[in-house]
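What follows is one structure encoded as structure tokens, with my remarks underneath.
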Amino acid sequence: MSIVIAARNEATTIEAAIRSALDQGYPGPLEVIVADGESTDGTRAIVESVDDPRVVVLSNPAQYTAPGLNRAIRAARGEVIVRCDGHSTLPPEYVRTAVETMRATGAANVGGIQAATGTTFFSQAVALAMTSRLGVGDSRFHLGGPPGEVDTVYLGVFDRRPLEEVGLFDESLVRNQDYELNFRLRRAGHVVWFTPELAVEYRPRGSLVALWRQYFEYGRWKRGMLRTHPDAVRLRQLVPPLFVIGLAVSGILLMSGQTLLGAIVPLAYVATILTGAVWTSVDRRAPAAVLLPLVLPAMHLAWGCGFLLGPPSD
């Protein structure tokens with residue numbers, strides 16, 4: 001069993017991630033391989049300070065996720081590859097549950113829920129947005145749901161054979177490498193399986209600027225992924241860029257004096273966001289929902305703008 005982590009500047013969370021990996025209730029041999037992307041905040045020193053021979057640290061000169069994961073996978077000895085993020089913590093029975101599910105379903109990749117949990121008022125609002133249909137559409141790994149075959153899952157526990165068969169992660173993608181890999185697995189005839197029992201705690205971004213950057217990159221690299229696999233597009237992925245285009249058209253209409261037509265899209269969006277914020281506040285009894293009218297537009301606009309701009313090579 002090999003747990004792989006690609007990390008860069010995760011000094012505040014990396015030790016917790018490693019400890020959660022080491023504390024798995026799994027009866028077989030286990031190793032944790034961390035590919036450090038030339039961190040500047042002491043992340044590597046923290047990893048090296050973990051006094052456990054099962055922990056190995058490698059260098060990832062490319063610095064971003066896909067090359068780091070591939071480097072860790074190639075160095076791994078396990079027949080099962082477990083992906084863990086440097087800002088996530090695995091529950092104690094995560095690996096055991098995933099392996100049992102893999103054996104029962106024959107899946108090439110098994111994963112579960114990205115359980116977004118905020119530690120500040122702002123990040124709590126982001127967590128609410130990331131676990132709502134208004135924020136993320138119908139993604140089961142965000143919202144939960146019944147077990148079964150899906151397009152993609154959060155992180156993932158992989159059978160090494162099909163993972164190597166399709167060529168590991170695409171190193172041309174800075175983001176969205178998970179969805180792209182799962183797309184290739186499914187296209188090769190393998191199963192990607194979701195089970196709600198695999199809930200991994202995730203810490204959302206703690207500022208509006210960081211959130212904007214994150215979702216801008218998500219949108220930008222989704223465009224890059226669809227450039228290679230246009231048949232992988234889903235309707236929910238087109239909504240944010242169409243919304244941005246709609247706002248631009250609305251601005252042109254307003255400036256040309258067509259006030260009624262120009263106001264339709266912005267007013268409908270504002271009404272939807274405010275209604276969603278009120279509903280979430282009441283339904284989840286969450287005071288942080290008051291920030292959703294700020295958080296949700298940041299996510300939608302950043303994703304849409306990133307998608308329309310595309311990756312740097314476009």
Side-chain angles (χ1 to χ4, degrees), residues 1-25 30-52 54-60 62-69 71-73 76 81-95 98 111-131 141-142 153-157 169 174-178 198-215 217-218 288 295 299:
M1 179 66 58
S2 299
I3 300 177
V4 298
I5 303 174
R8 185 171 191 274
N9 292 339
E10 303 280 5
T12 59
T13 57
I14 188 64
E15 184 171 1
I18 294 172
R19 296 293 181 192
S20 75
L22 293 173
D23 291 342
Q24 290 300 300
L30 181 147
E31 64 180 354
V32 179
I33 303 176
V34 181
D36 176 62
E38 299 186 348
S39 297
T40 59
D41 67 345
T43 293
R44 180 164 187 143
I46 293 172
V47 176
E48 291 173 340
S49 71
V50 177
D51 188 18
D52 194 305
R54 294 174 294 172
V55 178
V56 177
V57 60
L58 307 173
S59 294
N60 173 24
Q63 299 185 2
Y64 58 98
T65 303
L69 289 174
R71 181 167 287 220
I73 292 167
I81 305 295
V82 181
R83 184 184 169 191
C84 178
D85 275 350
H87 50 269
S88 298
T89 52
L90 304 179
E93 296 299 316
Y94 182 84
V95 169
I113 297 173
Q114 183 186 45
T117 306
T119 56
T120 66
F121 197 70
F122 180 83
S123 63
Q124 288 168 13
V126 177
L128 290 171
M130 292 180 66
T131 54
F141 76 84
H142 282 298
V153 291
Y154 181 54
L155 299 178
V157 177
F169 290 91
V174 174
R175 298 276 189 179
N176 209 53
Q177 64 278 344
D178 305 82
L198 299 178
V200 180
E201 187 175 282
Y202 170 84
R203 299 294 186 186
R205 298 302 190 269
S207 72
L208 190 62
V209 172
L211 180 68
W212 177 278
R213 288 175 179 166
Q214 179 186 24
Y215 274 80
E217 289 296 303
Y218 282 168
V295 168
M299 292 166 60

Salt bridge (charged side-chain N to carboxylate O under 4.0 Å, His left out) involving [X] - partner list, sequence neighbours excluded:
X: Asp51; value: none
X: Arg175; value: none
X: Glu201; value: Arg203

- Would you say the side-chain atoms of Ser20 and Tyr94 include a donor-acceptor pair closer than 3.5 Å? no
- Task: List the steps and the verdict of salt bridge (charged side-chain N to carboxylate O under 4.0 Å, His left out) for Glu217 and Arg213.
- Result: CA-CA 6 Å; Glu217 289 296 303; Arg213 288 175 179 166; over 6 Å; no
Smallest separation among heavy atoms of [X] and [Y], with atom names:
X: Ile73; Y: Val4; answer: N-CG1, 4.2 Å
X: Ala6; Y: Thr65; answer: CB-O, 3.7 Å
X: Ala98; Y: Val157; answer: CB-CG2, 3.5 Å
X: Val174; Y: Gln177; answer: O-OE1, 3.3 Å
X: Ser59; Y: Arg44; answer: OG-NH1, 2.7 Å
X: Gly118; Y: Ala127; answer: N-CB, 3.9 Å

Hey, could you give me the [atom1]/[atom2] distance between [X] and [Y], rounded to the nearest 0.5 Å?
X: Leu155; Y: Ile113; atom1: CG; atom2: CD1; value: 12.5 Å
X: Arg71; Y: Leu69; atom1: CZ; atom2: CG; value: 12.0 Å
X: Ile14; Y: Arg19; atom1: CD1; atom2: CZ; value: 11.5 Å
X: Asp36; Y: Asn9; atom1: CG; atom2: CG; value: 8.0 Å
X: Asn60; Y: Ile5; atom1: CG; atom2: CD1; value: 13.5 Å
X: Leu198; Y: Gln114; atom1: CG; atom2: CD; value: 14.0 Å

Does some side-chain heavy atom of [Y] sit less than 4.5 Å from a side-chain heavy atom of [X]?
X: Phe122; Y: Val295; result: yes
X: Val126; Y: Arg205; result: no
X: Asp52; Y: Val32; result: no

Between the main-chain N or O of [Y] and the side-chain N or O of [X], is there a donor-acceptor pair closer than 3.5 Å?
X: Gln24; Y: Val95; value: yes
X: Thr43; Y: Arg8; value: no
X: Ser123; Y: Thr119; value: yes
X: Asp85; Y: His87; value: no

- Query: In terms of ring plane angle, is the pair Phe141 and Tyr154 parallel, tilted or perpendicular, where the classes change at 30° and 60°?
  - Reply: parallel
- Message: Please determine whether side-chain contact (heavy atoms from CB on, under 4.5 Å) holds for the pair Met130 and Tyr202, giving the CA-CA distance in whole Å, both sets of side-chain angles, and the decisive distance to 0.1 Å.
- Response: CA-CA 10 Å; Met130 292 180 66; Tyr202 170 84; 3.6 Å; yes
